[in-house]
*Asks:* 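Structure below; questions to follow.
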Number of protein chains: 2
Amino acid sequence: MSARRTELTRAAARLFAEKGYHGTSVGDLAEALGVRKGSLYAHIQSKADLLWEVAREGAVAFHAALDAVPEEGPAVERIRAALRAHLRVVAEQLDVATVFVREWRYLEGERRDAFVAERRRYEERFRALFREGRELGELRADLDDGTAALLALSAANWAYTWLRPGVDTDALADRFTSLLLEGMRGYASR
Amino acid sequence: MSARRTELTRAAARLFAEKGYHGTSVGDLAEALGVRKGSLYAHIQSKADLLWEVAREGAVAFHAALDAVPEEGPAVERIRAALRAHLRVVAEQLDVATVFVREWRYLEGERRDAFVAERRRYEERFRALFREGRELGELRADLDDGTAALLALSAANWAYTWLRPGVDTDALADRFTSLLLEGMRGYASR
DNA sequence: TGCGGAGGCTAACGATCGTTCGGAAGGCGG
DNA sequence: CCGCCTTCCGAACGATCGTTAGCCTCCGCA
């Protein structure tokens, strides 16, 4: 892919995240490249192509981040690693992550179907960590692992709204992990 | 407000939640009422009015729900009540809640400023519960209450994406509360 | 040196956008 | 029964939408 084409994708990610897909016109994208809007069609076939590309980029980034989580070892450590990985992607590719979480729903047809499947698969990989943690005895035997995964995924998916680039996402993820593991109730009141 | 006007607001909430503000045309809204698009302007001055109205309706609903949480009593019980209240609003007014959480950013000018202030105030009320819980000794003394509140608010704010009307939101909120309080680590591994 | 492809231009396309306008039903209170 | 108020109509407005077309320029490579 040419350098110019890459610039266009970056501008699309930024503008879709900032103003929304339907709130961004082809003219806006052209202006970001310092070009007339008709010229963009030397690079793309349609505006929808850009949404698809950014959404896919997000899916690839998040799945790749999960790939780096070890398959072996304590489930607790793998949960911590997964949260770290997710938050790192959000902070380092905030625009792409925003499109991945919020703007994907403007995809249409089979692209939308394919995206939803990828997204479901990602959440399933996340969920599995909590199930295994319970089954291996590292987490409470009576744990509702579905709810636990939902809580963790909520924090992960909501992060794009408040996470700013440059913060220490590892420390952040560890605080989340610690809270999820230990809870917030004091020993005195237990 | 006339009955017809109320119908229009309901249709706006539904369509804005389903297709997004910029993805919903005035023609779409008119069609939902079985009317020509020009006729809507007997009820509103602009499409933006509808977004403002639905967003404000959401703010009122969520604040009113928090108002029902007792000011006294154990902080833990008030946190549980706040989560119950929030999830109930999401389930019972899913469209309005979706606009409140996701579509508000298309507000412009001072309306947007006013909404942001209301939203911040709502989150602050939530946050205070966790701070008080720690200060009163009900939660661990070393609790990072900012992170705890962020975790709870993430679950609350993400709920519109998966919560379907008709589920037992009280039970759901209690599962969240229990997890937040007790954590998911087993006694064996502590 | 010539040629082709990449990338830009201007201009225009039809469609749709949000909004305005004058007029006409219809119901309801005076 | 009159007059007003609500509600809707049909038609049109200018603006903007995403996309296409034909043409030009420039650079790298045969």
Side-chain angles (χ1 to χ4, degrees), chain A residues 1-56 95 99 102-112 115, chain B residues 1-56 95 99 102-112 115:
Chain A
M1 200 167 56
S2 80
R4 204 61 173 141
R5 175 59 211 266
T6 304
E7 277 186 72
L8 177 52
T9 305
R10 299 271 59 76
R14 183 170 56 80
L15 288 171
F16 291 168
E18 179 187 329
K19 313 170 36 154
Y21 175 71
H22 284 307
T24 302
S25 72
V26 174
D28 292 335
L29 293 164
E31 194 180 0
L33 294 212
V35 139
R36 304 284 181 167
K37 64 175 178 174
S39 308
L40 294 190
Y41 289 83
H43 306 285
I44 57 171
Q45 289 186 350
S46 75
K47 178 186 169 187
D49 289 354
L50 289 169
L51 179 60
W52 168 242
E53 193 166 304
V54 176
R56 260 190 84 255
D95 296 336
V99 171
R102 190 173 59 191
E103 300 298 321
W104 65 268
R105 66 201 182 99
Y106 300 115
L107 289 170
E108 290 180 349
E110 53 190 52
R111 284 177 168 180
R112 185 187 167 108
F115 180 89
Chain B
M1 202 166 58
S2 78
R4 201 62 172 144
R5 175 61 212 266
T6 304
E7 277 185 75
L8 178 51
T9 305
R10 298 271 61 76
R14 183 170 57 82
L15 288 172
F16 291 168
E18 179 186 327
K19 313 171 33 154
Y21 176 70
H22 284 308
T24 302
S25 72
V26 174
D28 292 334
L29 293 164
E31 194 181 359
L33 295 212
V35 139
R36 303 283 181 168
K37 65 175 177 172
S39 308
L40 293 190
Y41 289 83
H43 306 285
I44 58 172
Q45 289 185 350
S46 75
K47 178 186 169 187
D49 289 353
L50 289 170
L51 179 60
W52 167 243
E53 192 165 306
V54 176
R56 260 189 82 255
D95 295 337
V99 171
R102 190 172 60 191
E103 300 298 322
W104 65 267
R105 66 200 182 99
Y106 301 114
L107 289 169
E108 290 180 349
E110 53 189 53
R111 283 178 169 180
R112 185 187 166 110
F115 179 89

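By convention in this document, chain letters (A, B, ...) are assigned in the order of the sequence lines, proteins followed by strands, and residues within each chain are numbered from 1. In this text, all values refer to a predicted model and were calculated from it rather than measured experimentally.
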*Asks:* Should B:Glu53 and B:Arg111 count as an ion pair when the cut-off is N to O under 4.0 Å?
*Replies:*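 No salt bridge links B:Glu53 with B:Arg111.
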*Asks:* Let me know the distance between CG of B:Leu33 and P of D:dC8, rounded to the nearest Å.
*Replies:*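 One finds 7 Å between P of D:dC8 and CG of B:Leu33, rounded.
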*Asks:* With respect to the phosphate group of D:dT20, does any side-chain polar atom (N or O) of A:Tyr41 fall under 4.0 Å of OP1 or OP2?
*Replies:*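 So the side chain of A:Tyr41 is outside the cut-off, no N or O lying under 4.0 Å from OP1 or OP2 of D:dT20.
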*Asks:* Any non-hydrogen side-chain atom of B:Val54 less than 4.5 Å from a side-chain atom of B:Trp104?
*Replies:*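 With C-beta onward as the side chain, the pair stays apart.
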*Asks:* Using OP1 and OP2 only, check whether a side-chain N or O of B:Arg36 sits under 4.0 Å from D:dC8.
*Replies:*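 No, B:Arg36 has no side-chain N/O under 4.0 Å of OP1/OP2 on D:dC8.
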*Asks:* For residues 13-22 of chain B, please give each side-chain donor-acceptor pair under 3.5 Å, one per line with the distance, not counting sequence neighbours.
*Replies:*
unit_1: B:Lys19; atom_1: NZ; unit_2: B:Asp28; atom_2: OD2; d: 3.1
unit_1: B:Tyr21; atom_1: OH; unit_2: B:Ala48; atom_2: N; d: 3.4

*Asks:* With the side chain counted from C-beta on, respond yes when A:Val35 and A:Arg4 share a heavy-atom pair under 4.5 Å apart, and no when they do not.
*Replies:*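 Yes, their side chains come closer than 4.5 Å.
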*Asks:* Atom CG of A:Leu40 and atom C1' of C:dT10: how far apart are they, to the nearest Å?
*Replies:*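 Value for this atom pair: 15 Å.
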*Asks:* Measure from NZ on A:Lys19 to P on D:dT16 and round the result to the nearest Å.
*Replies:*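 Going from A:Lys19 (NZ) to D:dT16 (P), I get 12 Å.
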*Asks:* Report the distance from atom CG of B:Leu50 to atom P of C:dC17, rounded to the nearest whole Å.
*Replies:*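 Value for this atom pair: 16 Å.
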*Asks:* Mapping A:Ile44 and B:Arg4 to their closest nucleotides on DNA chain D, which lands nearer the 5' end?
*Replies:*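 Result: B:Arg4.
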*Asks:* I'd like to know if the side chain of B:Lys37 reaches the main chain of B:Leu29, judged simply by a donor and an acceptor atom lying under 3.5 Å from each other, with no hydrogens or angles considered.
*Replies:*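 Checking the backbone N and O of B:Leu29 against the side chain of B:Lys37, no donor-acceptor pair under 3.5 Å is found.
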*Asks:* D:dT19, C:dG7, D:dC8: which one has an atom nearest the side-chain heavy atoms of A:Lys37?
*Replies:*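 Given the options D:dT19, C:dG7, D:dC8, the side chain of A:Lys37 is closest to D:dT19.
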*Asks:* Looking only at side-chain N and O atoms, does A:Ser2 come under 4.0 Å of OP1 or OP2 in C:dG7?
*Replies:*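 Yes, A:Ser2 has a side-chain N/O under 4.0 Å of OP1/OP2 on C:dG7.
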*Asks:* Hey, is the side chain of A:Ser25 poking within less than 4.0 Å of OP1 or OP2 on D:dC17, counting only N and O atoms?
*Replies:*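 Looking at the OP1 and OP2 atoms of D:dC17, one of them is under 4.0 Å from a side-chain N or O of A:Ser25.
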*Asks:* What is the distance from CG of A:Leu8 to C1' of C:dG8, rounded to the nearest Å?
*Replies:*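 Taking CG of A:Leu8 and C1' of C:dG8, I get 14 Å after rounding.
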*Asks:* Would you kindly give the NE2-to-C1' distance between B:His22 and C:dC17, to the nearest whole Å?
*Replies:*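 For the pair B:His22 NE2 and C:dC17 C1', the rounded distance is 12 Å.
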*Asks:* Taking NZ from A:Lys47 and C1' from D:dT16, how many angstroms apart are they, rounded to a whole number?
*Replies:*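 Taking NZ of A:Lys47 and C1' of D:dT16, I get 12 Å after rounding.
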*Asks:* Please tell me if B:Ser39 has a side-chain N or O lying less than 4.0 Å from either OP1 or OP2 of D:dC9.
*Replies:*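 Answer is yes, contact under 4.0 Å.
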*Asks:* Let me know, please, whether B:His43 or A:Gly38 comes out on the 5' side of the other along DNA chain D by nearest nucleotide.
*Replies:*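 Counting from the 5' end, the first nearest nucleotide belongs to B:His43.
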*Asks:* What is the distance, rounded to the nearest whole Å, between atom CD of A:Glu7 and atom P of C:dA6?
*Replies:*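 In whole Å, C:dA6 P lies 17 Å from A:Glu7 CD.
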